[in-house]
Amino acid sequence: MYTRIDGKETGAALRLTIREAVEKRKAEGKRVPGLAVIIVGEDPASKIYVRNKHRACEEVGFLSRVYELSSSTSESQLIQLVEDLNRDDEIDGILVQLPLPPHLNEKSIIAKINPDKDVDAFHTFNVGRVMLGNYRFAPCTPAGIMELLKAYDISPRGKECVVVGRSNIVGKPMAMLLLAADGTVTIAHSRTKALAEVTRRADILVVAIGKARFITADMVKEGAVVIDVGMDRDENGKLCGDVDFDAVAPKCSFITPVPGGVGPMTITMLLKNTLVSAESRS
Ligand code: NAP
């Protein structure tokens with residue numbers, strides 16, 4: 001018998017506490033936290049993500065500013081906007097929606113964000129702080145997974161934790177957060193030999209590879225906790241994860257579904273990081 005980890009419910013509960021913190025700030029005469037999101041171009045998926053972030057800000061009572069720039073925006077124009085927002089006292093978090101059009105260099109734009117307002121935690125300074133285990137913001141998806149583990153009383157301490165995927169936004173920071181929580185951490189990737197042998201060692205298995213239902217039941221240890229980060233489409237165009245949920249779930253103690261698992265936590269952690277930033281500023 002397994003427990004389905006409910007990211008919708010956990011995210012909603014956390015957003016309620018964020019909303020209460022905003023109300024408390026208002027009652028104390030402080031300003032509401034402010035998030036600025038910059039989107040360049042017309043990528044339809046990015047537009048949906050930005051709209052969702054705006055709605056989430058409204059739900060918790062944040063100031064939300066969305067800057068929709070044309071795909072012909074130059075690097076210097078974009079940097080100018082980032083620098084204006086760095087100086088803007090109403091804004092606690094700055095997020096540049098990725099991917100950017102190819103003529104814009106993502107690394108050099110992210111580098112211009114004031115690390116204290118880098119609520120995505122993609123700036124090298126914040127990446128380094130996560131590495132040192134001494135951070136104010138962690139990247140939203142791994143941070144959301146740590147919140148889910150906490151909500152379900154799952155401690156990584158002393159456990160075999162396997163992270164499949166080594167991207168800068170999910171796999172690597174996930175491994176660092178599990179390590180900081182005293183897990184024994186292995187990172188696997190596309191060059192890992194005998195992947196199933198590695199994943200079968202996991203007490204906690206986090207999968208972030210972007211391949212529909214890639215993790216099958218024979219790759220999972222009996223009683224494991226399985227966290228599925230994937231947001232994939234199957235052959236029928238249906239949203240699914242990197243884990244073959246129906247086959248794997250009966251072997252698990254806990255498992256996240258897709259949708260409704262990790263996804264709802266990501267935006268919630270963006271709000272939390274913005275609140276943390278606001279609290280440190282005033
Ligand atoms: P990514 O940058 O494409 O990285 C994928 C990683 O998976 C790479 O490290 C790659 O290894 C590894 N990989 C690919 N095929 C593999 C295989 N056959 N065996 C083992 N490892 C393999 O992806 P990402 O940005 O981390 O995202 C991963 C998934 O999570 C995607 O489905 C994405 O949509 C989803 N996602 C969801 C959320 C959310 O909020 N729910 C947030 C972010 C991402 P190499 O490094 O060797 O190439």
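Just so you know, ligand 1 is whichever comes first in the structure, and atom 1 is the first atom listed for that ligand.
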Worksheet item: In the protein, which heavy atom is nearest to atom 48 (O) of ligand 1, and how far is it?
Response: S190 OG, 3.6 Å
Fill in: Numbering as shown, the atoms of ligand 1 that approach G210 to under 4.0 Å (heavy-atom distance)
28 (C), 29 (C), 31 (C), 32 (O)
Worksheet item: Tell me: protein heavy atom nearest atom 42 (C) of ligand 1, and distance?
Response: T141 OG1, 3.3 Å
Item to complete: Could you establish whether V229 and ligand 1 come within less than 4.0 Å of each other, counting only heavy atoms on the residue side?
Response: yes
Discussion item. For atom 15 (N) of ligand 1, what's the nearest protein heavy-atom neighbour? Residue, atom name and distance, please.
Written reply: K211 NZ, 3.1 Å
Worksheet item: Do protein heavy atoms approach atom 3 (O) of ligand 1 to less than 4.0 Å?
Response: no
Worksheet, complete the sentence: For F214, the atoms of ligand 1 under 4.0 Å from one of its heavy atoms are 17 (C), 18 (N), 19 (N)
Worksheet item: When you check the gap from the basic side-chain N to the acidic O, do R19 and E23 get nearer than 4.0 Å?
Response: yes
Fill in: Qualifying residue, where the test is side-chain contact (heavy atoms from CB on, under 4.5 Å) with V229 and the options are V164, V170, V163, T256
V170
Discussion item. Looking at atom 27 (O) of ligand 1, tell me if a protein heavy atom falls under 4.0 Å from it.
Written reply: no
Worksheet item: Among protein heavy atoms, which sits nearest to atom 33 (C) of ligand 1, and what does the distance come to when rounded to 0.1 Å?
Response: M231 N, 4.2 Å
Fill in: Atom pair CD1/CD of I267 and E59 - distance to nearest 0.5 Å
10.0 Å
Worksheet item: Should you measure from each heavy atom of V170, which atoms of ligand 1 turn up under 4.0 Å away?
Response: 26 (O), 43 (C), 44 (C)
Response to the item:
When distances are taken from atom 25 (O) of ligand 1, the protein heavy atom at minimum range is I169 CD1, 3.7 Å
Discussion item. Which residue and atom name correspond to the protein heavy atom nearest atom 5 (C) of ligand 1, and how close is it?
Written reply: I209 O, 3.6 Å
Practice prompt. Answer yes or no: does atom CD of E28 have more than 12 heavy-atom neighbours from other residues, nucleotides or ligands under 6.0 Å?
Written response: yes
Fill in: Atom CG of D89: over 12 foreign heavy atoms under 6.0 Å
no
Item to complete: Could you tell me whether the side chains of E20 and T17 share a donor-acceptor contact shorter than 3.5 Å?
Response: no
Fill in: Nearest neighbour in protein (non-hydrogen) for atom 24 (P) of ligand 1
S167 OG, 3.7 Å
Item to complete: Identify, for atom 46 (O) of ligand 1, the protein heavy atom at the shortest distance, and state residue, atom and that distance.
Response: R166 NE, 2.7 Å
Worksheet item: Are any of the side-chain nitrogens in K159 or D182 under 4.0 Å away from the carboxylate oxygens of its partner?
Response: no
Discussion item. At less than 4.0 angstrom from any non-hydrogen atom of D232, what atoms of ligand 1 do you find?
Written reply: 32 (O)
Practice prompt. Could you tell me if any non-hydrogen atom of A208 lies under 4.0 Å from any atom of ligand 1?
Written response: yes
Fill in: Which of the ligand 1 atoms, numbered from 1, are nearer than 4.0 Å to a heavy atom of T266
39 (C), 40 (O)
Fill in: Path from I169 to V50 over hydrophobic side-chain contacts below 4.5 Å
no
Worksheet item: Say you draw a straight line from CD1 of I109 to CD of E75; how long is it, rounded to the nearest 0.5 Å?
Response: 4.5 Å
Worksheet item: To the nearest 0.5 Å, what is the distance between CE (M219) and CZ (F214)?
Response: 5.0 Å
Worksheet entry | Proximity flag A188 to ligand 1, non-hydrogen atoms under 4.0 Å | no
Worksheet item: Will you find, in the side chains of R4 and Y2, an N or O donor that is under 3.5 Å from an N or O acceptor?
Response: no
